[in-house]
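Structure record follows, encoded as structure tokens.
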Number of protein chains: 2
Amino acid sequence: MIKIDIANALMQTLPVSKATALQVVDLLTDRMKNALLDGERIEIRGFGVFEPRPRKRGLGRNIKTGQSVEIPKGKSIRFKAGKDLRDIEVK
Amino acid sequence: MIKIDIANALMQTLPVSKATALQVVDLLTDRMKNALLDGERIEIRGFGVFEPRPRKRGLGRNIKTGQSVEIPKGKSIRFKAGKDLRDIEVK
DNA sequence: GTTCGCGATATCGATTTTGATCATGGAGGC
DNA sequence: GCCTCCATGATCAAAATCGATATCGCGAAC
């Protein structure tokens, strides 16, 4: 599933054009991204929680040389799946 | 940021009522949730990728009794942040 | 206002994530 | 439809997280 599929699903349910649907998806992802960059956590009950968290480990590896590489500061975004996504059966 | 905030941001940009905005958010999360439950991965360039992955570890622990508990089959949803979300500076 | 999901907590150990880099397949802009 | 730019995979090692469970408190959502 890619952006087009989501927009497609949206326009199948609500009376919006595909262009508008794409705008919506774009806008929402942008807003959420912005909020996450701002250090804000996003909680959607029944779906999941996006949480920006500082990266603790600072060591990586250069695959060519095989040597360890220092990883600078940074954050990582963790997504914690909600209840509905945790109770999934293997189909 | 919660669902209302997202809907709010949506109606500030596009000419939709708050009720419609909430419907949109609800619909999208539902669709995405559904796709993930279906084992489908969702890729949105510039935002991130949701990927259902089989859980390999099958052992948990009951904290009350202290005994090991078998973890049944299942999946976990991993969210891999996109480029824009990885290149974040620590504020 | 009411309900119910989610965080926190504690435990333990196997799984996993995390980063650089380069090539390639594919998402998405035009 | 094409072209561009982004995501993926692979590697390695260590630190961190994820599972399960139960319960209370807070707050999201109706």
> Would you say D:dA28 has OP1 or OP2 under 4.0 Å from some side-chain N or O of A:R41?
Replying inline: no

> Counting just side-chain N and O atoms, does A:R78 come under 4.0 Å of either OP1 or OP2 of C:dT17?
Replying inline: no

> Separation of A:I42 atom CD1 from D:dA28 atom C1', in whole Å?
Replying inline: 15 Å

>> Return whichever of B:F79 or A:G46 has its heavy-atom-nearest nucleotide of DNA chain C closer to the 5' end.
In response: A:G46

> Does one hydrophobic cluster hold both A:L27 and B:M32, with members joined at side-chain heavy-atom distances below 4.5 Å?
Replying inline: yes

> From the list C:dG7, C:dT17, D:dG19, which nucleotide is the closest neighbour of the side chain of B:S76?
Replying inline: D:dG19

>> At under 4.0 Å between heavy atoms, how does the protein contact nucleotides 25-30 of chain C? Give one character per nucleotide, 5' to 3', with B, S or -.
In response: BBBSS-

> What is the distance from NZ of A:K83 to P of D:dG27, rounded to the nearest Å?
Replying inline: 21 Å

>> What is the distance, to the nearest angstrom, from the NZ atom on B:K80 to the C1' atom on C:dT16?
In response: 12 Å

> CD of B:E51 versus P of D:dT8: gap in Å, rounded?
Replying inline: 7 Å

>> To the closest 0.5 Å, what do you measure between CD1 (B:I42) and CD1 (B:I44)?
In response: 7.0 Å

> Does some side-chain heavy atom of A:I77 sit less than 4.5 Å from a side-chain heavy atom of A:E51?
Replying inline: no

> Angle class for the B:F50/B:F79 ring planes (parallel below 30°, perpendicular above 60°, tilted otherwise)?
Replying inline: tilted

>> Hydrophobic clusters here meaning ILVMFWY residues chained together by side-chain heavy-atom distances under 4.5 Å, can you tell me if A:L28 and B:L14 are in one?
In response: yes

> According to a 4.5 Å side-chain heavy-atom criterion applied to Ile, Leu, Val, Met, Phe, Trp and Tyr, with indirect links allowed, do B:I2 and A:F47 form part of one hydrophobic cluster?
Replying inline: no

